Amino acid sequence: MEKIQVLTDGVLDTVAQSTIDSYAAAAANGLAKLTDGTGAGNDFLGWVKLPEEITLSLLDDINATAASLRENCEVVVAIGIGGSYLGAKAVIEALGNSFAAYKHQGTQVLFAGQNIGEDYLAELQEYLADKKFGIIVISKSGTTTEPAIAFRILKEQLEKQLGTEEARKRIVAITDEHRGALRTLANTEGYKTYVIPDNVGGRFSVLTPVGLLPIAVAGYDIQALVNGAVEMEKATLNGSDKSALTYAMTRNALYNNGKKIEILVNYNPKLHFLAEWWKQLYGESEGKDNKGIFPAAVDNTTDLHSMGQWIQEGERTIFETVISVENSQRELRIPFDEANLDGLNYIAGKRIDEVNKMAELGTRLAHIDGGVPNIRIVIPAIEASVLGQLIYFFEAACGISGYILDVNPFNQPGVEAYKRNMFALLKKPGYEKETEAIQKKLGK
């Protein structure tokens, strides 16, 4: 299996190699904290050795459940928010056909519970009204507002369409092993269930049933995905692959040089939601204690015609991490045209991918010349095993980078602030004092 590569020559005009190397001890210490569990947030390190701990029996069980859902459902709605949906969506979109991104073997995977959009949910209900559908509901507690609303609405719709007994057969709950509202409901109703491990946080959960079941329902090879992650896990932890260390060291060297914003760049539209998953992973892990690189993303060449100007000549507080895909899955060449009114005959006969790669190279050179350092992550292809490698690489580098930054990479205390205000404004029982305080603040 070809491995991903991390290339840092595009940052050396900004930070010297010796500066990057000066972070080696801190990075090694960060990796040691991950492996021996001595760092902050060590109760959420279950993901570190998760890939090799995934059993064939679990994968077989997930694949059997996925096959049953595919057999009985035209559409399966995966309900979850944050890490409970982004990982699955990232993999499904990356592996899927761009114009039928969620379809495989006759089954469509859609997502809900990742927003509180009234129109979104109403339109989803309309879409499902004449379809055989099922639900995968993902929540450790069962009380997170967004997925809880979506599940209440879609569960009621499914029961009305099929009856309670039949609906139960088409609902799968992924939740806490022992406690919580969703666990209680699943036990009462007899839903098929899978467990979200206590020691795996949501943004690190794509290789648990949280991500694996929706990916399997869409028809993709979860064994290959896991195999890629296992390979990267072993190589990272035994020290034979230093890509996670290199990435963590380099981005921290740039951060301390004044580069406060990291833009993840792809030149393949299939990777759009991988970037969305990455943004949560790094933003929620590092953005605390008034520290942290701000994670952003662009889809090129599309965004070169919008954000390209700012990146080229805007404030020099940014660096880019470019995901380069060596091999496309298909081959398409530019035809020769006798009239040549568009002036493209100079590239007639060339593959689209070659033109895209020259656009990528030209952009990287221009941005580096313009004062925007570039890290380059090279992946052999967009395949399940490669995505497994990439997922584990980003997770490991995130933990190491957070420890270099001296934050707890595995908590998210700031996420609770909006919830307290929302609950107070909605007058949720138990929030009476907060309601009173916020009404005073609003002058009511």
Side-chain angles (χ1 to χ4, degrees), residues 3-42 45 48 232-233 235-265 278-279 281-296 311 315-324 364-365 367-378 389-390 392-411:
K3 291 186 177 180
I4 67 172
Q5 304 173 65
V6 177
L7 307 177
T8 60
D9 53 299
V11 310
L12 298 180
D13 289 345
T14 302
V15 290
Q17 185 62 52
S18 59
T19 301
I20 297 171
D21 291 343
S22 71
Y23 288 84
N29 184 50
L31 179 59
K33 287 178 178 179
L34 293 180
T35 55
D36 62 24
T38 57
N42 56 13
L45 292 177
V48 175
M232 183 56 73
E233 176 208 327
T236 300
L237 299 187
N238 70 22
S240 63
D241 188 304
K242 300 190 182 301
S243 56
L245 291 163
T246 299
Y247 179 49
M249 290 160 56
T250 306
R251 62 196 304 276
N252 275 277
L254 290 166
Y255 175 64
N256 288 312
N257 188 263
K259 304 301 182 182
K260 305 298 185 183
I261 300 167
E262 178 176 11
I263 303 174
L264 190 70
V265 185
W278 171 88
K279 281 159 61 177
L281 180 67
Y282 280 80
E284 204 166 65
S285 296
E286 293 191 320
K288 55 201 69 165
D289 300 340
N290 296 314
K291 301 177 184 178
I293 299 167
F294 182 83
I311 294 170
E315 189 175 52
R316 303 293 77 180
T317 54
I318 61 174
F319 68 96
E320 293 178 304
T321 296
V322 180
I323 300 179
S324 296
R364 283 194 285 110
L365 292 173
H367 287 180
I368 291 167
D369 287 345
V372 180
N374 268 231
I375 300 170
R376 187 169 171 234
I377 299 172
V378 183
Q389 286 188 56
L390 194 60
Y392 191 87
F393 156 77
F394 274 133
E395 289 179 344
C398 183
I400 296 165
S401 184
Y403 283 140
I404 294 174
L405 192 61
D406 195 27
V407 299
N408 179 350
F410 307 112
N411 67 356

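Bear in mind that the values here come from a model prediction, so they are computed numbers and not experimental data.
Looking at N411 and K288, their side chains do bring a donor and an acceptor atom within 3.5 Å of each other.
For A244 against T236, the heavy-atom pair with the smallest separation is CB-CG2, 4.3 Å. Here the closest non-hydrogen pair linking A253 and T19 is CB-CG2, 4.4 Å. Pairing each heavy atom of K279 with each of P295, the nearest pair is O-CG, 3.6 Å. When all heavy atoms are compared, the tightest approach of Y247 to A397 is CD2-CB, 3.5 Å.
Distance check, rounded to the nearest 0.5 Å: CD1 of I263 to CD1 of I293 gives 12.0 Å. In this structure, D241 CG and I4 CD1 are separated by 7.0 Å, a value rounded to the nearest 0.5 Å. Taking CD of E320 as the reference point, atom CD1 of I261 lies at 11.5 Å (rounded to 0.5 Å). In this structure, the separation between CD1 on I20 and OG1 on T246 is 8.5 Å, given to the nearest 0.5 Å. Distance check: R376 CZ to T321 OG1 gives 12.5 Å after rounding to the nearest 0.5 Å.
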Apply the test side-chain contact (heavy atoms from CB on, under 4.5 Å) to residues E284 and F410: give CA-CA distance (whole Å), side-chain angles for both, the deciding distance (0.1 Å), then the verdict.
CA-CA 8 Å; E284 204 166 65; F410 307 112; over 6 Å; no
Could you please spell out the steps behind the side-chain contact (heavy atoms from CB on, under 4.5 Å) verdict for I375 and L7?
CA-CA 6 Å; I375 300 170; L7 307 177; over 6 Å; no
Applying side-chain contact (heavy atoms from CB on, under 4.5 Å) to F394 and L264, what does each step give before you reach the verdict?
CA-CA 12 Å; F394 274 133; L264 190 70; 4.3 Å; yes
Stepwise, does the side-chain contact (heavy atoms from CB on, under 4.5 Å) test hold for V265 with I323?
CA-CA 6 Å; V265 185; I323 300 179; over 6 Å; no
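Here the side chain of T35 pairs a donor or acceptor atom with the backbone of L31 at under 3.5 angstrom. R316 places a side-chain N or O within donor-acceptor distance of the main-chain N or O of G370, the cut-off being under 3.5 Å. Within the 3.5 Å criterion, the main-chain N or O of G37 finds a donor-acceptor partner in the side chain of N42. Between the Y403 side chain and the C398 main chain, no donor and acceptor come within less than 3.5 Å of each other. Side-chain N or O atoms of K3 include none that pairs as donor or acceptor with a backbone N or O of M232 at under 3.5 Å. Listed for the N256 side chain is a donor-acceptor partner under 3.5 Å among the backbone atoms of N252. Put simply, the side chain of S285 gets close to the backbone of P409: a donor and an acceptor are under 3.5 Å apart. No donor-acceptor pair closer than 3.5 Å links the side chain of D36 to the backbone N or O of L34. In terms of modelled atom types and a separation under 3.5 Å, the side chain of K260 and the main chain of F294 share no donor-acceptor contact.
Contact of the Y392 side chain with the V48 side chain is registered, since non-hydrogen atoms from C-beta on lie closer than 4.5 Å. Using a 4.5 Å heavy-atom cutoff, the side chains of Q5 and I377 are not in contact.
Between E286 and K291, none of the side-chain N atoms (NZ, or NE/NH1/NH2) sits under 4.0 Å from a carboxylate O, so this pair counts as no salt bridge.
Among residues two or more places apart in sequence or in another chain, the side-chain contact (heavy atoms from CB on, under 4.5 Å) test is passed with A248 by I400, S401, I404.
Partner of P373 under the side-chain contact (heavy atoms from CB on, under 4.5 Å) criterion, chosen from T14, T250, V15: T14.
Judged by a 6.0 Å distance limit and a 45° cone about the ring axis, K259 is not positioned over the six-membered ring of F319. Under a cutoff of 6.0 Å and an axis angle of 45°, R251 and Y255 do not form a cation-pi pair.
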